[in-house]
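Right, one structure below, let's go through it.
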Amino acid sequence: MSENIKITMLGTTGAGKTCFMVGMYAVMQLGVHGFTLSAQDMDDDIDLTDNWERLTEGGEGRFPAATSDTYNFCFNFCYGFKKLMGFEWLDYRGGALRDKASQSDVQTLQKTLNQSSCVFMCISGEHLANKIENSSEALNLAKKTRADRMNFFLNQLHEEQGPVPVVIAITKYDLCMHRKRDDIKEDIKKLFNPLFTEDGGWLVAICPVSLGKGLAGDKNTGNIEPINLHLPLAFAIYVQLSLQFLQLGDYEKQESEKMTVLRNKFLGSWWYNNEIKEAEKRLSEIKAYGNDLQVKMNFLTRELGRIPVYFNGQEQEINV
Ligand SMILES: Nc1nc2c(ncn2[C@@H]2O[C@H](COP(=O)(O)OP(=O)(O)OP(=O)(O)O)[C@@H](O)[C@H]2O)c(=O)[nH]1
Ligand SMILES: [Mg+2]
């Protein structure tokens with residue numbers, strides 16, 4: 001069972017979307033607990049790797065230029081190099097967030113977003129360096145970071161397909177890591193409060209990410225030492241695997257109920273012998289697949305234990 005999903009990252013220009021994707025790809029190529037990422041197109045692999053090399057070399061030109069064209073990357077998420085799930089990832093100019101819907105890249109973004117299985121909302125740590133003191137500061141920050149537009153886009157997505165899992169990625173976390181995590185979480189809730197309401201049905205992870213804490217001092221010379229770059233993706237995949245796991249449970253229940261009905265009929269075990277054997281085989285395949293899923297999810301759970309996850313505004317413990 002492998003499925004292609006779409007993941008869309010929302011964030012204003014300069015929020016760090018492209019750098020995050022380049023870094024995530026590099027980290028996941030090395031692999032985390034046997035999970036890896038590979039680009040489906042060889043040229044994309046080369047471009048992403050070149051970008052990563054420039055980042056690690058340092059200097060004035062280390063960062064990629066602001067994105068001007070919309071580009072759809074296709075990745076495979078693998079375990080032990082075996083494909084678990086394919087997914088698409090749109091890189092676009094963040095300015096599209098505030099442009100009119102008549103622009104073609106805005107339309108592409110909206111279309112992709114509305115088909116997405118998971119959304120990453122990017123807020124740069126530079127805007128979270130100080131506490132949000134009151135509602136007018138919150139409003140100003142929502143405008144500066146385009147959190148207001150991200151909420152607008154999410155509202156549209158909600159109308160289209162209901163709540164989807166969301167990761168609020170605090171990019172450039174190095175620029176606000178001097179603050180207490182709980183205080184940052186409170187500020188995030190002020191910017192995205194509809195996602196934390198009691199009956200909203202939103203599943204939200206807050207994940208600080210950075211290319212390296214040394215960048216806070218000098219971004220041209222600071223060392224690249226990735227922080228959490230793999231976690232937003234790990235969360236997105238974990239949710240998809242959990243849904244597969246639940247589906248599998250329903251399927252297992254149906255199959256065993258069917259089998260019980262056949263067996264309970266008078267002379268059923270004899271008359272329906274072949275059907276029962278086939279159902280038994282399917283059941284044992286489902287169980288084996290379920291066990292396999294559980295092992296994979298366990299590895300991801302260990303990683304995800306490090307970030308807060310909320311459902312209906314309540315912090316959750318992630319487990320299988
Ligand atoms: N301190 C710090 N700066 C970063 C980090 N990641 C990116 N930056 C800086 O942020 C700038 C913008 O990053 P991009 O990834 O190009 O931003 P973007 O969201 O893709 O912007 P658009 O393409 O215009 O939408 C980079 O050129 C770097 O100067 C980080 O982890 N820490
Ligand atoms: Mg970009």
Side-chain angles (χ1 to χ4, degrees), residues 7-28 39 44 47-73 75 88-99 103-110 112-113 119-130 141 143-150 153 167-179 184 191 206-233 307:
I7 297 178
T8 304
M9 188 162 216
L10 293 180
T12 189
T13 179
K17 300 181 295 297
T18 303
C19 287
F20 168 75
M21 183 189 57
V22 169
M24 169 188 79
Y25 188 69
V27 170
M28 290 300 297
D44 289 348
D47 286 345
L48 288 166
T49 309
D50 282 353
N51 273 322
W52 175 250
E53 273 171 19
R54 265 198 299 279
L55 273 175
T56 52
E57 276 161 15
E60 294 260 321
R62 81 190 310 188
F63 291 104
T67 309
S68 53
D69 295 324
T70 302
Y71 189 78
N72 200 34
F73 288 89
F75 295 112
E88 293 173 30
W89 182 290
L90 193 74
D91 197 27
Y92 59 95
R93 85 190 157 88
L97 268 193
R98 61 161 196 267
D99 283 353
Q103 300 257 7
S104 80
D105 60 354
V106 181
Q107 287 170 4
T108 308
L109 171 62
Q110 265 181 330
T112 308
L113 176 70
V119 178
F120 295 177
M121 315 256 264
C122 257
I123 285 284
S124 164
E126 70 196 274
H127 300 298
L128 294 167
N130 301 306
L141 199 60
K143 297 232 165 295
K144 210 187 277 178
T145 57
R146 303 279 165 208
D148 54 351
R149 290 295 289 167
M150 290 191 244
F153 275 89
V167 178
I168 299 174
I170 304 170
T171 43
K172 313 188 200 178
Y173 176 58
D174 51 287
L175 297 175
C176 67
M177 67 195 306
H178 55 275
R179 291 185 65 198
I184 297 180
L191 290 175
I206 300 180
C207 186
V209 296
S210 164
L211 290 174
K213 63 174 189 239
L215 297 183
D218 184 338
K219 68 179 183 179
N220 292 332
T221 57
N223 279 343
I224 299 288
E225 292 161 330
I227 302 173
N228 292 348
L229 294 181
H230 62 299
L231 284 185
L233 183 64
I307 53 171

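Start at 1 and go down the list; that is how both ligands and their atoms are numbered. Residue numbers count from 1 along this sequence.
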Legend entry - Contact partition for Thr18 relative to ligand 1, non-hydrogen atoms under 4.0 Å: both
Inset, instruction - Ignoring angles and geometry beyond distance, decide whether Asp91 reaches within less than 3.5 Å of ligand 1 through its nitrogen or oxygen atoms. - result: no
Inset, instruction - Check if Phe20 has a non-hydrogen atom at a distance under 4.0 Å from any atom of ligand 1. - result: no
Legend entry - Polar contact flag for Ala66 and ligand 1 (N/O pairs, less than 3.5 Å): no
Inset, instruction - Using distance alone, determine whether Ala216 and ligand 1 share an N or O pair under 3.5 Å. - result: no
Inset, instruction - Less than 2.8 Å from the Mg ion (ligand 2) is the window; count the protein N, O or S atoms in it. - result: 2
Inset, instruction - Could you tell me whether ligand 1 has any atom less than 4.0 Å away from a heavy atom of Gly14? - result: yes
Legend entry - Contacting atoms of ligand 1, where contact means under 4.0 angstrom from a heavy atom of Ala15: 17 (O), 19 (O)
Legend entry - Close-contact set for ligand 1 against Tyr92 heavy atoms, below 4.0 Å: 25 (O)
Legend entry - ligand 1 N/O within reach of Cys19 N/O, cut-off under 3.5 Å: yes
Inset, instruction - Go through ligand 1 atom by atom and flag the ones less than 4.0 Å from a non-hydrogen atom of Ser210. - result: 31 (O)
Inset, instruction - Specify side chain, backbone, both or neither for Tyr173, according to which of its non-hydrogen atoms lie closer than 4.0 Å to ligand 1. - result: neither
Legend entry - Any side-chain donor near an acceptor of the partner, Thr67 and Thr18, under 3.5 Å: yes
Inset, instruction - Quick one: sort the Phe75 and Phe73 rings into parallel, tilted or perpendicular, breaks at 30° and 60°. - result: parallel
Legend entry - contact_flag Val22 ligand 1 heavy-atom lt 4.0 Å: no
Legend entry - Close-contact set for ligand 1 against Arg93 heavy atoms, below 4.0 Å: 25 (O)
Legend entry - Thr12: numbered ligand 1 atoms lying under 4.0 Å from its heavy atoms: 19 (O)
Legend entry - Pairwise distance CG(Leu97) to CZ(Phe153) - rounded to 0.5 angstrom: 5.5 Å
